[in-house]
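Scroll down for the structure; my scribbles are underneath it.
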Amino acid sequence: MRLSVRQRFWRGVWVALKRRPSRILGVIIMALFVFMAIAGPWFYPDRLPYNVDNMYAPISWDHPLSTDFEGVDVLALVITGTRGVLLVAVAAGLVTMLVGTAAGLYAGYRRGAADSVLMRIADFALTIPGFPLLIVLTTAMNFGAWWKMALVLGLIGWGGLARAVRSQTLSLRERGFIEAARGLGLPTRHIVTKELLPNVAPFIATNLLMAVTGYIYAQVGLYFLGVLPLDTSNWGVMLNAAVFQSGALISPDALPYLLAPLGAILLLTLGVVLIVDALEEIFNPRLREG
Amino acid sequence: MSIVELSTETLPGVAISGLTIAYRTDAGELAAVSDITLGLPAGTITGLVGESGSGKSTLALSLLGAVQKPGRVTAGSVVIDGIGDITKLDEHALQSVRGAQIGYVFQAAQNSLNPLKTVGKQLLDLGRSHRVKDLRGLLREAKVLLSRMGLAAERVLDSYQHELSGGMRQRVGIMFALVLNAHLLVLDEPTTALDMITQANILQIVRDVHAERGLTTLIVTHDVGVVAEVADRMAVMYGGRVVEHGQTMEILGAPRHPYTRGLISAIPRLTGPVDAAKPLPGTPPTLGTIPRTGCVFRQRCPLRMEICDTVAPAMIGGVACHAVNETEQL
Amino acid sequence: MIEGRGITKTFASRGGVLGSQSVTALRGVDFLIPRGGAVSFIGESGCGKTTLGRILAGLETYDGGQLIVGDTDLSTLKPKAREPHFRRVQLIHQDPYSALNPTRTIESTLRDPLRLRAAQTGKPASWVASQTEELLSLVGLDPSYVLPRYPHQLSGGMRQRVVVARALTVEPEVLVADEAVSMIDVSLRLGILGLLRQLRETLGVSILFITHDVATARYVGADGELYVIYRGQVVERGPVETVLADPVHPYTQCLLSAIPVLHGLERPGEDRLVPKEPLDEKMEPAGCLFAPRCPFATEVCVSERPVLGRLGGTPQHHACFFPASRHVVATPLR
Amino acid sequence: MRGFLRRLAGHLTRGLVMIWVVVTFTFFLIRLMPGDPVQVQYEKLIAQGMSPDQAASATAVTYGFVPHGPVWKQYLEYLSGLIRLDLGVSVDSQGVAVADRVFGAMPWTVLLVLSGILVSFLVGVVLGVVAALKRSTAVGHSLSIAGSLLHGVPPFVIAIVLAAVFTRRYRWFPSGGQYNGDEVAPGFYYDFIGDVAYHAFLPAAAFAIASYGGWLLAMRSSVASVLGDDFLLAAELRGLTRMTRFRYLARNAILPLFTVLAISFGLVFGGSIFIERIFNYPGLGMLLFASIGARDFSMMSGAFLMITAAVIVANILADLLYTFIDPRVRRQA
């Protein structure tokens, strides 16, 4: 049976996932978060109902994860808080992926002066401590629109990917098939997209996933520190309130309010870890067919 | 202790019998080496010829009891004079035998030295591991060996691996194998990836130290020429089995097994008609594609008979082939 | 036809600003590859033979001299304009595994250069498919077996045949085979060598065969020319059978002496030579490059460098002050 | 030795260039910020009744440059101030020199970061070796998963959990400060050092826990790749003892981690903001955080500059360490 390239790819994905049940768990977790981000806010009104008489309510069917200091349902807070953060993180991840991949491929394939300059810049981006820079920028610039935040996050984090892609490209360049493609007169566009890119795809995919989670946490961190305005609801705002304001660290009643965002972060990390484990295999035909 | 002085200990001959080594894979346990019986007479150089996947390197490692996981010896024995059956030794005994009584030289293309230590420091590690009291004496012996092989000994001992050329590394490898006065020397593809001239030099060295030190030597290679150049006896492996063995001169002059014949006639020569060289059809098997029953060579064999499909030919008079045995018995 | 005149190449080895050192790879090499002919370069690793092959394939630049492809002197062209000429020369790599993209099937590997060619020459799309199958059959592979597979699913010999088929997609005039069989199983080598020989006959492709194994060079092109290269200089050059039967340069004689003798089948040559010293690439002699290792070196060898010529009236060209016949090659017993 | 010096010179040049870029960045950041705080302060001072000259010099003291005249001149003033280690004075608390605060806070952060990195490096490397050697067993597998998880979780999560458990739920550790000023006075004696260690323990532990997963993963893959190297098999076949072979393996596997070490400093120093904030530990991160809350821009840029400089210096040291350990690099001279 001759399968198309796409069919063969998806079959490979399935084979790689099946090999370890934990990977399927990872996919389920990720799907859950994506679903929460896309559909979550549809289940709740724009302004979540609050009831100050019902703060830190005991766990029940109505409030499976208790309520916060204003009596707002914690589960609702966790779910509705996903979208905004995830949107910015995905957009920032795409920026990182585009810039990092392009810079890495260009530097590794062209070499020479362009390579030196690009890699100096990448080193610079890698060395400057990203989070302090982010805080300073956020304070100074007051990012209003979500895409500005995404752009800045994405531009801060591209150095690592660029370096990784470049070193991969350099070593691939030494391999005969790139030389052969050049010798056959295939255009550079073809060499980069069809010969190089599939070989660095696993790196890029893994890196994209890690970058997106990194950017989620960076935003959560900014909210948590109170650097970004606390007028929305998300995991960071919840943590800020729980740790610095409402004394959730001391009161056992408020524990679910603290644990819910922490649990969400842990669960997301688990999902990412489990999927990254599968990615390498998915993109490598050698491992795929074992 | 001078290097020309012959040891008074018994020379180690090696008797391999019924040796089977299998690797655990997703498709079950597959035999890389099947039921091999072969002797390495004391004081001789034996050449073991085979292509990739023939099991020759696995066999070489089994002489040091060092078959790598997921492989293991499933049957048979490797009895070395003065040591005993090496497949039965425990790890501690193996450690003290390796390097001291059996020397192993790696493929030239492989990096057999720790990249972070100088040759001299690694030599001292070797001495300490083998509880050598006189480390100065060890260094002296190493220098004698290195100079014997045409190297500037002091400089080499002070060098890191990346500072040595391929030919130099190989000589250092031989020094490591012999410096503790081992009497059994195993060389695994010692000249692959070396130049013709360097290869000739290394082979000359192997021949000379073999004679000077009264060694028993096994040289594993894919190159019939290497065996022809140095070995007294040779064995040909295919698909995990020895298909022919005997005196090198006799086998080269009159190969009997169809694989040996094909292999020798597939070597282009410098003289004679160009078209005397004939390619061998087919492809050598890999671990997964070695036939489990019958003759391993039958798919490429010009003399294939019905019996070859079901019965593995026995080794009779140095050759394992139904067709050859049948005609020779007539 | 491809001709090189006085090709030179020096690599600047990277040692930083203060300690930079350069390595001379080619010292004015002249060569001629006739249409449909076979030329072999032999020599030790690092002698420059690989660099020469890469220069021909356009993968490396040259510092000086002229490279003439057909009737175009490439030295007069801008780098961009040279590219189509270099396409007429295709390189067959030593390692057939790394020469194929592991993430692509053989079908897509062969299809892309053919599509490009179809677009350039206005051939229909159906031509690509039929040409793919035809090329695979030409190199002795079964298209239905090979096409859907990835490189790692093929044997070394098959991979190398695919590499040859891919080179043929652009209808090259010259195939440069650089140690093309050294990483292939022994029993499969002759098949690849035979394929190269057959391509000369059926397609009229010239072969530039680069190797350290003289006997394989003879098998591919017994009717061709042999160039013996030592440290970037051609030290002996002539028809293959002439040089092999009667080498006159001591370096050639050392190389041929190093070929293992099949005892039992042949008798070693009585004058087998071994170089005095190992190769020291850092030393740059003023005289003959081989003098430090030559068993016959005299004072003049140390002070003056011989040039390629026919000193002593030999049939082949050589670069030696004292050419002498020595019997170094083994002779068959029967 | 010459090679070493050349490398050092290269590093220093690059480090200086980087610091220069960051300095330029901070200068323009404040200068070009929406609602230019320099200008705002200047105008405020005039509104309070100062003469323009007085206001200008007062502002110059705060930010290190006069808010008038051509930008390049302001920039040069700012640079020359920096060379004299004059980072201006705090906007928030008048009269406090930024440099004093920054240099005062710096050692405490370095203490946390260094002890955190040291511990996490050691623990991560050891567990990484175990994870690699036992990779097909349950132990190896769970070590790897735990390592990946801890590597993936942001450091503030770990800090929050530690703080919640050990300073609030169980009051085993102090809830803030560098040492207890009521009981011990600074000095080089047992009680003081003990108290400093007691205060630094949890934050340093947070650093260590947050980063050991990364070391574990790096070491695991490094060991796995060295295990495939021929020289280890060669050492086995030469009959080297298990201990010697293990030393060969460990040294070769640790080496590439030193290049990772350089990169990790940026991350770890970045994490100090969270950790110092959560544990109320007055270091550079806390200083940066506080200056942001107070919109104290001169302090903010000073703290940021110092964090960056610390990371760059740490980078250089890590690379020199690598040079010293790897003979392939060392002997290039």
Side-chain angles (χ1 to χ4, degrees), chain B residues 49-54 150-151 165-168 191-201 203-204 222-231 238 247-254 259 262-284 286 300, chain C residues 42-47 154-158 182-195 197 212-223 240-241 244-245 251 254-266 272 274-275 277-279 281 293 329-334:
Chain B
V49 187
E51 296 179 85
S52 64
S54 64
L151 296 180
S165 72
M168 287 161 98
T191 61
T192 309
L194 292 182
D195 269 300
M196 277 295 177
I197 291 179
T198 318
Q199 162 168 309
N201 290 337
L203 292 181
Q204 181 69 46
H222 66 269
D223 188 348
V224 177
V226 169
V227 170
E229 189 69 45
V230 295
Y238 189 86
Q247 297 289 330
T248 307
M249 295 266 274
E250 284 172 17
I251 291 183
L252 289 182
Y259 175 62
L263 203 57
I264 292 172
S265 58
I267 306 171
R269 307 300 309 152
L270 279 184
T271 47
V274 173
D275 289 317
K278 290 271 181 286
L280 206 67
T283 313
T286 60
R300 303 172 77 184
Chain C
I42 65 166
E44 286 165 285
S45 60
C47 74
L154 304 179
S155 75
M158 284 173 152
S182 69
M183 296 184 77
I184 290 170
D185 269 313
V186 207
S187 69
L188 303 178
R189 286 184 183 176
L190 206 66
I192 303 289
L193 297 174
L195 171 65
R197 213 161 72 159
H212 65 270
D213 183 355
V214 194
T216 56
R218 176 174 182 255
Y219 186 78
V220 173
D223 56 339
V240 172
E241 296 289 17
L244 292 185
Y251 177 65
C254 285
L255 267 186
L256 295 180
S257 301
I259 296 168
V261 176
L262 296 187
H263 297 277
L265 272 178
E266 38 186 37
R272 282 179 98 176
V274 182
E277 300 275 327
L279 176 61
E281 283 178 341
R293 302 172 73 194
V329 175
T331 42
L333 286 174
R334 271 159 286 156

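In the text below, chain A, chain B and the rest are named by the order of the sequence lines, each starting its count at 1. Owing to the predicted nature of the structure, the values given are computational and were not obtained by experimental measurement.
- Chosen from B:M168, B:Q204, B:K278, B:M196, the residue pairing most often with chain C at heavy-atom distances under 4.5 Å is B:M196.
- Residues C:V186 and B:V224 have side chains not in contact (no heavy-atom distance under 4.5 Å, counting atoms from C-beta outward).
- Among B:A200, B:A266, B:P279, the residue making the largest number of heavy-atom pairs under 4.5 Å with chain C is B:P279.
- For the residue pair C:R293 and B:I197, the shortest heavy atom distance occurs at NH2-CG2, 4.0 Å.
- For C:A330, the part lying near chain B is the backbone, with the side chain staying farther off; criterion is any non-hydrogen pair under 4.5 Å.
- The heavy-atom pair separating C:T216 from B:P268 by the smallest distance is CG2-CG, 4.0 Å.
- The greatest number of non-hydrogen atom pairs below 4.5 Å with chain B, out of C:L244, C:L255, C:D185, is found for C:D185.
- Options B:H222, B:Q199, B:E229 differ in how many heavy-atom pairs under 4.5 Å they form with chain C, and the most are formed by B:E229.
- In terms of heavy-atom proximity, C:H212 sits nearest to B:D195 at CB-OD1, 4.3 Å.
- Looking at every heavy atom in both residues, B:V274 comes nearest to C:E241 through CG2-OE2, 4.1 Å.
- Residue-level contacts of residues 247-254 of chain B with chain C, in order of numbering, are B:M249, B:L252, B:G253; threshold 4.5 Å between heavy atoms.
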Donor-acceptor list for residues 258-265 of chain C side chains, cut-off 3.5 Å, not counting sequence neighbours:
none

Test side chain to side chain contact (heavy atoms under 4.5 Å, CB included) on C:V274 and B:N201 and set out the steps. CA-CA 8 Å; C:V274 182; B:N201 290 337; 3.8 Å; yes

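- If you take CD on B:E51 and CD1 on C:I184, they are separated by 11.5 Å, rounding to the nearest 0.5 Å.
- Interface residue B:L263: only side-chain heavy atoms are found under 4.5 Å from chain C.
- Considering all non-hydrogen atoms of both residues, B:P284 and C:S187 come closest at CD-OG, 4.0 Å.
- For C:V214, the parts lying near chain B are the backbone and the side chain together; criterion is any non-hydrogen pair under 4.5 Å.
- The shortest non-hydrogen separation linking B:A277 to C:L190 is C-CD2, 3.5 Å.
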